[in-house]
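Structure first, commentary second.
Sequence lines set the chain letters: A, B, ... in the order given, protein chains first and strands last, and positions in each chain run from 1. None of the values given here were measured: they were computed from a predicted structure.
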Protein chains: 2
Amino acid sequence: MISQNIKVAVDAVVFGYVERQLQLLLIKQKYGSEKNKWALPGGFVLDHEDLDTAVTRELKEETGITLAYLEQLYTFGAVKRDNRQRVVSIAYLGLINPKKFKLTASTDALEVGWFAIDALPPLAFDHQEIVAKGLERLQNKISYKPIGFELLNTEFPFSNIENLYQTILNKPIDRRNFRKKLMSFGILEETDKISKPESGRPAKLFRFNTKKYKALEQKGFHFEIKFA
Amino acid sequence: MISQNIKVAVDAVVFGYVERQLQLLLIKQKYGSEKNKWALPGGFVLDHEDLDTAVTRELKEETGITLAYLEQLYTFGAVKRDNRQRVVSIAYLGLINPKKFKLTASTDALEVGWFAIDALPPLAFDHQEIVAKGLERLQNKISYKPIGFELLNTEFPFSNIENLYQTILNKPIDRRNFRKKLMSFGILEETDKISKPESGRPAKLFRFNTKKYKALEQKGFHFEIKFA
DNA sequence: CATATTTTGCGTTTAAACAACACAAAATTA
DNA sequence: TAATTTTGTGTTGTTTAAACGCAAAATATG
């Protein structure tokens, strides 16, 4: 067998959405050459664990969070991306509603925090590039997969999903056409509850019906939202 | 630093298109537990080389081929995907016109060959899964990126690209609508040459204008072909 | 208490894109 | 000379997208 000296790591680009802001989960490095810099949660893969298991474990350890949505993003393997040694990192994209977990820094991390995506601190290694890739994936994917709901409460006023799309895509969309289109899919069900907003008129609460979506998908249905 | 015993490899899912058939490039393993089984070209990454460099090198070494198109596909890292030891493999998707290279097996490969995608031999490791992922990516991507041309000659009759789409998507498409749509983009230019078919009427030869496409893309143009 | 403000919740009209479909002309083969 | 294969256009009805306007329900304001 060949002799090879490459380490394998995983990193997670985890997005949250709070108060009309897209946020990114970061930790402050405790050790290493990039000590005290903010970085993506992640770490080395154990010999006996699968890649997604490794991300899940690291996230739990470093931030206390368990994701609602996780998918492999891209693998970063440039020779000099880490100056200490050769590290190939498999990046994952994760989504979570930040309200569902309290952040708890621990083992490898001094601090943990949510940062507005458009006001990130300087990041360690090539993590800026990884985040860019993650954001790009998210922006593309919400147009053809209903993953945006992972970022919201189970029950939400329609304006929430509408604002979420505008925030993530960073452009205005027509409320009326958006609502018509989304409702036409039949994957949102109306609850009998009403929101109590801080200002303005109360709104019906909706719920994303995962079962219905899966069933439709099975029948060849293809979620897709286009924007003017 | 953590002690870790994982090897990093790359594998290539390389597609070719010949005579209305989608083909896959395979090599017959010379060594190892999967000796004499067919497998994807690939191998271990050297400590000092980037991932895409590694794929390119391995492909050249094992098959003599240099790709026209290459993109990262997905990373496969299940603990037991290789029974000898832990190997994480970054898979790449490649496209080439098989006519452009003569296959030359060498160092690590007993034989090299093109196989019709719907008549593959049993594959080593989890390579079947990797191929499935590659095919899925190809099928999706030709709908929104003009990568199909990488599989054709520089100059080709229109029916070639039309048949290519039907073959890859494995379903019939309406010739008239397809042609109208594709021509409307203005990224195909007509040459003054005429094909000499083996049967039927001669046809104008077209050429994909990469420059024009890149320019349009810059201006926000989005290649997309939908099918009835 | 009346009025302004915010936000919700529809609905219409026009333009563009898609889907479905037919037939004649240019070559080769029989 | 006729049959076969393949090319190369159209047209029309249907669906979807784009661009709009406005009234009602609540809260905030003076």
Protein and nucleotides 27-30 of chain D: nitrogen or oxygen contacts under 3.5 angstrom:
none

Tabulate atom names and distances for all N/O pairs under 3.5 angstrom spanning the protein and nucleotides 16-19 of chain D.
from, atom 1, to, atom 2, distance (Å)
D/dA17, OP1, A/K181, NZ, 3.1
D/dA17, OP2, A/K181, NZ, 3.4
D/dA19, N7, A/N177, ND2, 3.0
D/dA19, N6, A/N177, OD1, 3.1
D/dA19, N6, A/K180, NZ, 3.4

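- A close approach under 4.0 Å does occur between a side-chain nitrogen or oxygen of B/K204 and OP1 or OP2 of D/dT9.
- Rounding to whole angstrom units, CG of residue A/N163 and P of C/dT6 are separated by 15 Å.
- A salt bridge between B/R207 and B/E190 is absent, with no side-chain N of the basic residue lying under 4.0 Å from a carboxylate O of the acidic one.
- Partners of B/Y69 by ring-ring contact (aromatic ring centres under 6.0 Å, His included), not counting sequence neighbours: none found.
- The distance from atom CG of A/L205 to atom P of C/dT8 is 11 Å, rounded to the nearest whole Å.
- Residues satisfying the ring-ring contact (aromatic ring centres under 6.0 Å, His included) criterion with B/F101, sequence neighbours excluded, are absent altogether.
- Judged as a salt bridge (charged side-chain N to carboxylate O under 4.0 Å, His left out), and not counting sequence neighbours, B/R179 has no contacts.
- For B/Q139, the side-chain contact (heavy atoms from CB on, under 4.5 Å) partners two or more places apart in sequence, or in a different chain, are B/L135, B/I168, B/L169.
- Residues from residues 139-157 of chain B that place a heavy atom under 4.0 Å from any atom of DNA chain D: there are none.
- Atom CD1 of B/I225 and atom P of C/dA17 are 15 Å apart (whole Å).
- Partners of A/A68 under the side-chain contact (heavy atoms from CB on, under 4.5 Å) rule, at least two apart in sequence or in another chain, are A/I96, A/E150.
- Between the P atom of C/dT8 and the CD atom of A/E162 lies a distance of 7 Å, rounded to the nearest Å.
- Residues in residues 116-136 of chain A take part in these salt bridge (Lys or Arg N to Asp or Glu O under 4.0 Å) pairs, two or more places apart or across chains: A/R81-A/D126.
- Here the two rings, on A/F76 and A/Y74, have centers that are under 6.0 Å apart.
- Not a single side-chain hydrogen bond (donor to acceptor under 3.5 Å, both in side chains) links A/Y144 to another residue, sequence neighbours left out.
- For the pair A/R175 CZ and C/dG11 P, the computed distance is 14 Å after rounding to whole Å.
- The side-chain contact (heavy atoms from CB on, under 4.5 Å) search around B/Q128 returns none, not counting sequence neighbours.
- Under the side-chain contact (heavy atoms from CB on, under 4.5 Å) criterion, A/D50 pairs with A/D52, A/T53, B/A78, B/V79, not counting sequence neighbours.
- The side chain of A/S159 contributes no N or O atom lying less than 4.0 Å from OP1 or OP2 of C/dT7.
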